[in-house]
Amino acid sequence: MFVCNCFGVTEAQVMKHAGDGACTPRQIASACKAGTDCGSCVRRIQALLGRGACPTREPAVLEEAA
């Protein structure tokens with residue numbers, strides 16, 4: 001299914017770029033131009049990235065000073 005009709009970018013392509021480390025719509029745009037023309041796909045890209053496409057980071061644990 002197409003995410004970006006302007007540049008013919010599919011969901012699979014967005015997920016591939018996300019797997020390669022592009023974890024924001026801006027990084028996806030740099031990788032494949034999706035979201036850089038009319039912008040109507042940016043919310044869809046955000047939704048795809050929010051579904052676990054990118055590895056999550058564990059919150060930092062602050063150790064108490066002894």
Side-chain angles (χ1 to χ4, degrees):
M1 172 182 234
F2 284 102
V3 173
C4 176
N5 290 322
C6 297
F7 293 104
V9 179
T10 65
E11 283 185 18
Q13 288 171 301
V14 170
M15 298 304 276
K16 182 206 172 295
H17 292 302
D20 291 342
C23 293
T24 66
R26 184 169 284 165
Q27 291 171 337
I28 294 293
S30 293
C32 62
K33 293 188 178 182
T36 62
D37 194 23
C38 77
S40 67
C41 60
V42 173
R43 287 185 184 243
R44 179 74 178 132
I45 292 168
Q46 287 173 326
L48 288 170
L49 296 176
R51 290 190 193 153
C54 296
T56 57
R57 295 183 184 157
E58 294 297 319
V61 177
L62 299 176
E63 295 181 23
E64 291 184 27

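What you see is a predicted model; the values in this text were computed from it and never measured.
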Do you know which two heavy atoms are closest between Ala18 and Ile28, and how far apart they sit?
-> N-CD1, 4.1 Å
All heavy atoms of Cys41 vs all of Gly35, minimum pair found to be SG-N, 3.3 Å
Side chains of Cys32 and Gln13: closer than 4.5 Å at any heavy-atom pair?
-> no
Should His17 and Val14 be marked as a side chain to side chain contact (heavy atoms under 4.5 Å, CB included) after you check the CA-CA gap, both sets of side-chain angles, and the distance that decides it?
-> CA-CA 5 Å; His17 292 302; Val14 170; 5.8 Å; no
Do Arg44 and Glu11 have side-chain heavy atoms sitting under 4.5 Å apart?
-> yes
Nearest-0.5 Å distance that lies between atom NZ in Lys33 and atom SG in Cys4 | 10.5 Å
If we only count heavy atoms from C-beta on, is the Leu49 to Pro25 side-chain gap below 4.5 Å?
-> yes
Identify whether Leu48 and Val42 are in the same connected component of the hydrophobic contact network (ILVMFWY, side-chain heavy atoms under 4.5 Å).
-> no
After noting the C-alpha distance and the side-chain angles of Val3 and Thr10, does the key distance pass the side chain to side chain contact (heavy atoms under 4.5 Å, CB included) rule?
-> CA-CA 5 Å; Val3 173; Thr10 65; 5.9 Å; no
Measure the shortest side-chain to side-chain distance between Asp37 and Phe7 over non-hydrogen atoms and say whether it is less than 4.5 angstrom.
-> yes
